[in-house]
Structure formats: structure tokens, C-alpha cells
Amino acid sequence: MAYKRNVRIVRAVLGAVLALPGSAFVLVMYVSFLETVLRGSKVAAWLLVGQGLAITATLALFVWLRHRRDRKIGLLVTLVAAAAIWLWGQPLWDAISSTVLPTYEGLKPAERAQAVGQYRLALVQACAATGGVIALLYTARNYRLLRRGQVTDRLSKALERLESDEEFVRLGGVIALQQIIHDAPTQAEHVTHIVRTFIRRQAPKAEQGAQSAASGLLLPQGHTFPARERPAADVQAALTALNTRHAKLYSSRIDLSGYHLAGAHVFRQNLAGAQLSGAVLADAVLTRAALKRARLEECDLRRARAARSRCNKAQMNDADMREAIFFQADMVACDLTGADLRHTELSESDLQQASLCGAKLSGAHLVSTDLSHADLTGVTAEEEPVRLDKSYLEQALLNEAVLRNASLVGAKLRHADLTDADLTGADLTGADLRGARGLTVEQLLAAGSIEKARLDPALHEACRRGVQETGAADGGPVGQGVQP
């Protein structure tokens with residue numbers, strides 16, 4: 001082990017020694033080029049640049065071929081190096097020597113001796129500076145090796161603690177891993193993998209009957225589900241460790257499918273692409289969490305707090321999201337097919353192009369929610385009315401949607417598909433229904449109110465006639481404020 005370490009140190013020193021002449025070569029070439037340009041010889045300047053590039057390409061080819069470790073290639077390398085020296089060695093040396101080596105023409109003996117002494121002193125100082133740089137590089141190398149050894153020792157001790165049967169000992173191990181992630185960002189990927197493995201090993205599996213219980217009937221108003229336990233202290237600490245600055249780069253795409261993490265606190269957590277299908281996240285704190293493209297099928301998200309979370313393109317079909325808070329959430333193109341959204345807070349969220357086919361929306365709040373181009377085919381809101389006040393439902397698909405007694409005050413429903421939608425008792429006050437497809441007079445007459453609603457002229461006139469034929473009172477569902 002010590003031999004290998006010494007070999008690495010020697011290679012590092014040799015690399016530094018070779019790097020310094022290379023840097024000096026580039027600097028001298030640059031100075032020679034400037035001097036040639038100032039003298040007015042552009043042809044010589046470009047010739048010097050061409051020779052320098054040729055030498056650089058030759059050296060790069062030499063290094064690349066050297067690592068191939070083939071005898072025939074080694075012979076080719078030797079021939080290329082000899083040809084390069086023969087072709088460009090003498091002209092390049094002449095150009096460089098005229099700049100680097102001093103000339104003493106026209107000097108008196110005393111002045112020449114003084115100039116030679118100053119030149120030799122400059123050479124000695126340059127050699128001393130080179131030695132200082134090499135020593136500094138060697139010291140930095142030793143410091144990195146020592147630091148890496150300390151991190152390895154700390155990691156070994158933390159892993160020993162994770163094997164303990166005592167929860168507080170495992171908690172200390174997780175905290176130690178979190179500190180390693182903070183102190184050694186280069187090891188963050190490996191330590192993050194260890195933390196994810198620890199969570200999968202320690203977190204309990206979801207109960208077999210959790211999903212069946214979660215998909216039962218809605219409890220009476222004012223009655224809440226029994227509180228679930230929070231994750232163990234060591235599991236919660238591991239989740240927190242994945243939320244540190246350096247671990248966030250590697251904490252995504254974690255697989256926690258089918259695990260019981262009710263009450264987990266993952267504020268601002270990066271769970272993009274995470275596998276959470278069938279997981280229990282009831283009462284979890286997911287505020288500002290990144291859940292882009294996450295798999296949350298059949299996930300228990302009851303009463304989860306996910307305000308301002310980023311769930312765009314997440315798979316949340318058949319998820320139980322009753323009483324969850326997704327206020328101002330980014331849920332563009334989110335798949336909520338068959339999801340239970342009863343009493344869910346989705347106000348001011350972005351649900352453009354989202355799929356809510358067959359979702360349950362009884363008692364849900366979607367005030368000022370953007371549902372443009374969303375698919376709400378077959379959604380139901382029967383037990384309690386859904387609030388869709390001031391929501392954007394332009395070009396949304398509401399085929400066969402059951403929205404009885406729904407509140408759609410000021411909603412934007414331009415060009416929405418309302419074919420066979422049940423709008424019995426719905427409040428369409430101030431709603432914009434211009435260009436709505438499949439909208440019939442019968443649906444509008446069955447609505448609770450369409451005061452100040454904006455309709456197509458033909459549909460508006462048909463509603464007027466329908467009200468007169470049925471003998472409805474003045475100011476019935478179609479009042480005087482209806483705008484064509």
C-alpha cells in the first residue's frame with residue numbers, strides 16, 4: 001500500500017516537473033511571436049506560430065500513443081519524435097534563443113560581465129522559484145492524501161454505527177455521514193448511495209391493507225383520519241442528509257416504492273424521477289419539493305403538505321390525495337387519472353395538460369387554477385360541490401364530467417368540451433362559455449345560475465326561448481346580465 005502511494009507521489013511530481021517546462025515553452029513562444037510581429041516580419045511570425053502548433057500536435061500525439069503500450073506504436077512514436085526534431089527543432093530553437101538568450105554585442109568588458117552576472121542571477125532565481133512551486137505542489141498532494149485518509153476513517157466509523165441495534169447510535173452514524181457529505185463534496189455521490197441504502201433497509205414496508213383503507217369512503221365532515229407515526233429518528237435524519245447542498249445532485253431517482261414514510265419531512269427535497277409507487281406519505285411535508293417525473297402511482301398522500309412543489313409530468317394516477325395541500329404547485333402534464341382529490345387544495349396551481357380522467361373532486365378547491373388543455377373526462381363531484389371559481393379551463397376536456405352544484409364563478413371555459421357533462425345546480429355566474437363544444441340548452445337550464453355568463457349568441461337566444469317556454473320566472477338561470 002505504501003509502495004503504491006509512493007508511486008503515485010512520484011508520478012505527481014514528475015507531472016508537475018513536465019508541466020512547468022511546457023508552460024515555459026508556451027510563454028516563450030508567445031514572447032517570441034510578439035517580438036517577431038514588432039520587428040515587422042509577419043511571415044516569420046506566422047511561421048513561428050505554425051511551428052509551435054506543429055510541435056504541440058506532435059507532443060499530444062506522442063503522449064496519446066505512449067499510453068497505448070504497443071511496441072509497434074512505440075517505434076512509430078520514436079520516428080515521429082525524431083522527424084519533428086529534425087524538421088522544426090533548429091528553426092524553433094533559433095527563434096527562441098534570439099529572445100531568451102542575451103546578446104552582448106557592443107558592450108564593454110565591465111558591462112558585459114555585469115550583464116552575465118545578472119543573467120545568471122535570474123536563472124538561479126527562476127530555478128529557485130521552480131523548486132518552490134514543485135514543493136508547494138508536493139505539499140498540496142500530501143494534504144489531499146491526508147484529508148482523504150481522514151474521510152475514509154470517518155466513513156468507516158460511521159458505517160460501523162449504522163450496524164448498531166440502538167437507534168441513537170444509528171442516528172449518530174447518519175449525522176456523521178451528513179457531515180462527510182458537507183466536508184468532502186468529492187465523496188458525496190458514494191455517501192449518498194449509502195444513505196439511500198440505509199433508508200431502504202430501515203424504513204418499514206407499507207401495510208398490506210394501507211391502499212385498500214386509503215381508497216375507502218370519505219369520512220364524515222369534521223372527522224379526520226387517525227394520525228400515523230412519524231418515521232424513526234434515524235430514517236428522518238437520513239432523509240434530511242439527502243437534502244444537503246452537495247447530496248441534492250445525487251439524491252434524485254431514489255427508489256422507495258412501497259415504503260411507509262408517513263409524516264416524513266422532505267422540505268425542498270430533490271425527488272425528481274424518484275420511485276415512490278405505493279409508498280405511504282400521509283401527513284408528509286413536501287413543501288417546495290422537486291417531484292418532476294416522479295412515480296407516485298397508488299401513493300398515499302392524504303393530508304400531505306406540498307405547497308409550491310414541482311410535480312410536472314409526475315405519475316400520480318390512482319393516488320389518494322384527500323385533504324392534501326398542493327397550493328400554487330407546478331403540476332403541468334401531471335397524470336392524475338383516477339386520483340382521489342376529495343377536499344384537496346389545488347388553488348392557484350398550474351395543471352395545464354394534466355390528465356384527471358375519472359378523478360374524484362368532491363369538495364376540492366381549484367380556485368384560480370390553470371386547467372387549460374387538461375383532460376377531465378369522467379371526473380365526479382357528487383358528495384360535495386367542487387370549487388372551480390376563476391379557474392382557466394380553456395380547451396379542457398370535460399366529457400361526461402359530473403359537476404353537480406359545482407362553483408364555476410368567473411371560470412374561463414372557452415372552447416372547452418362539455419359533451420354530456422352534468423352541470424345540475426352548477427353556479428356559472430360570470431363564466432366565459434363562448435365556443436364551448438357540446439354545450440346544450442338543457443345543460444344551461446339545469447344549472448343553478450348563469451348570471452352574467454358569456455355565451456355564444458345562438459346559444460344565448462335559445463336559452464331565452466327555453467326559459468319562456470318553461471314559464472320560468474324572470475331572472476331565472478338566464479338573467480338580464482347574460483352577455484352574448
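Just so you know, these numbers use all the heavy atoms, side chains as well, and skip hydrogens, waters and symmetry mates. Computed from a predicted structure; not experimentally measured. Residue indices begin at 1 and follow the sequence shown.
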Practice item. Please list, chain by chain and in numerical order, all residues satisfying side-chain hydrogen bond (donor to acceptor under 3.5 Å, both in side chains) with Thr244, sequence neighbours excluded. Key: none

**Study point:** salt_bridge(Arg154, Asp183) N-O dist < 4.0 Å
**Key:** yes

Review point. Are Arg305 and Glu323 ion-paired here, with the side-chain N under 4.0 Å from a carboxylate O?
Key: no

Review point. Passes side-chain hydrogen bond (donor to acceptor under 3.5 Å, both in side chains), Ser449 versus Thr429? Steps please.
Key: CA-CA 6 Å; Ser449 172; Thr429 302; 3.2 Å; yes

Review point. For Leu388 and Val367, what are the C-alpha separation, side-chain angles and deciding distance, and is it a side chain to side chain contact (heavy atoms under 4.5 Å, CB included)?
Key: CA-CA 5 Å; Leu388 288 159; Val367 178; over 6 Å; no

Exercise for review: With rounding to the nearest 0.5 Å, note down the distance linking CZ in Arg147 to OG1 in Thr152.
Suggested key: 11.5 Å

Point to revise | Under 3.5 Å: donor-acceptor pair, side chain of Glu400, backbone of Thr419 | key: no

Point to revise | Heavy-atom side-chain contact between Leu256 and Leu261 under 4.5 Å | key: yes

Review point. Does Asp456 reach the main-chain N or O of Gly435 with its side chain, forming a donor-acceptor pair under 3.5 Å?
Key: yes

Check your understanding: Between the side chain of Gln236 and the main-chain N/O of Ala233, is any donor-acceptor distance below 3.5 Å?
Key -> no

**Study point:** Test log, rule side chain to side chain contact (heavy atoms under 4.5 Å, CB included), inputs Thr192 and Ile181
**Key:** CA-CA 8 Å; Thr192 301; Ile181 293 174; 4.1 Å; yes

Practice item. Taking the side chain as every heavy atom from C-beta outward, state whether Leu301 and Asp320 have any pair of such atoms under 4.5 Å apart. Key: no

Review point. Side chains of Leu393 and Leu408: closer than 4.5 Å at any heavy-atom pair?
Key: yes

Review point. Given the rule in the salt bridge (charged side-chain N to carboxylate O under 4.0 Å, His left out) test, do Glu383 and Arg404 qualify, once you have shown the distances and angles that lead to the verdict?
Key: CA-CA 9 Å; Glu383 295 93 349; Arg404 295 175 185 171; over 6 Å; no

Practice item. Any chance you could measure Cys299, atom SG, to Asn317, atom CG, to the nearest 0.5 Å? Key: 11.0 Å

Review point. Would you say Arg454's side chain and Leu433's backbone share a donor-acceptor pair under 3.5 angstrom?
Key: no

Exercise for review: Could you tell me the separation between the NZ atom of Lys205 and the CZ atom of Arg200, rounded to the nearest 0.5 Å?
Suggested key: 10.0 Å

Review point. Considering only heavy atoms from C-beta outward, does the side chain of Lys313 approach that of Asp330 to under 4.5 Å?
Key: no

Check your understanding: Does Ala289 offer a backbone N or O that forms a donor-acceptor pair with the side chain of Arg268 under 3.5 Å?
Key -> no

Review point. Do Leu286 and Phe326 have side chains that get closer than 4.5 Å, going by heavy atoms?
Key: no

Check your understanding: How long is the gap from CD on Glu298 to CG on Asp318, to the nearest 0.5 Å?
Key -> 5.5 Å

Review point. Under 3.5 Å, is there a donor-acceptor pair between the side chain of Asp255 and the main chain of Ser257?
Key: yes

Check your understanding: Can you tell if the side chain of Leu413 reaches within under 4.5 Å of the side chain of Asp432, non-hydrogen atoms only?
Key -> no

Between side-chain atoms of residues 272-279 and protein atoms elsewhere (two or more places apart, or another chain), which donor-acceptor pairs fall under 3.5 Å?
unit_1: Ser277; atom_1: OG; unit_2: Glu297; atom_2: OE1; d: 2.6

Point to revise | Backbone N/O of Ser164 and side chain of Arg170: donor-acceptor pair under 3.5 Å | key: yes

Review point. Do Leu366 and Val386 come close enough that some side-chain heavy atom pair is under 4.5 Å?
Key: yes

Practice item. Please report the C-alpha distance between Thr377 and Leu398 in whole Å, then the side-chain angles of each, then the deciding distance to 0.1 Å, and finally whether the side chain to side chain contact (heavy atoms under 4.5 Å, CB included) criterion is met. Key: CA-CA 5 Å; Thr377 304; Leu398 289 157; over 6 Å; no

Practice item. Verify the distance criterion only: is there a donor paired with an acceptor across the side chains of Ser355 and Thr337 at less than 3.5 Å? Key: yes

Review point. Taking the side chain from Asn243 and the backbone from Phe267, do they hold a donor-acceptor pair closer than 3.5 Å?
Key: yes

Practice item. Using the side-chain hydrogen bond (donor to acceptor under 3.5 Å, both in side chains) rule, take Glu345 and Ser347 through it: C-alpha gap first, then chi angles, then the decisive distance, then the call. Key: CA-CA 6 Å; Glu345 179 61 65; Ser347 298; 2.3 Å; yes

Practice item. Report the C-alpha separation of Asp283 and Arg303 in whole Å, then their side-chain angles, then the decisive distance to 0.1 Å, and conclude whether the salt bridge (charged side-chain N to carboxylate O under 4.0 Å, His left out) test is met. Key: CA-CA 5 Å; Asp283 300 296; Arg303 303 178 305 281; 2.7 Å; yes

Practice item. Test Asp427 against Ser407 for side-chain hydrogen bond (donor to acceptor under 3.5 Å, both in side chains), laying out the working first. Key: CA-CA 5 Å; Asp427 189 354; Ser407 179; 4.9 Å; no

Check your understanding: Which value, rounded to the nearest 0.5 Å, describes the distance between Gln328 atom CD and Arg288 atom CZ?
Key -> 9.0 Å

Exercise for review: Drop me the distance from Thr380's OG1 to Asp422's CG, to the nearest 0.5 angstrom.
Suggested key: 11.0 Å

Practice item. Please answer whether the main-chain N or O of His415 pairs with a side-chain N or O of Glu394 as donor and acceptor at a distance below 3.5 Å. Key: no

Practice item. Determine whether Thr287 and Ile325 make a side-chain contact, defined as any pair of heavy atoms from C-beta on separated by less than 4.5 Å. Key: no

Review point. Yes or no on side chain to side chain contact (heavy atoms under 4.5 Å, CB included) for Leu296 and Met321, after CA distance, side-chain angles and deciding distance?
Key: CA-CA 11 Å; Leu296 293 156; Met321 301 168 64; over 6 Å; no

Review point. Stepwise, does the side-chain hydrogen bond (donor to acceptor under 3.5 Å, both in side chains) test hold for His343 with Glu384?
Key: CA-CA 9 Å; His343 295 279; Glu384 296 183 44; 3.1 Å; yes

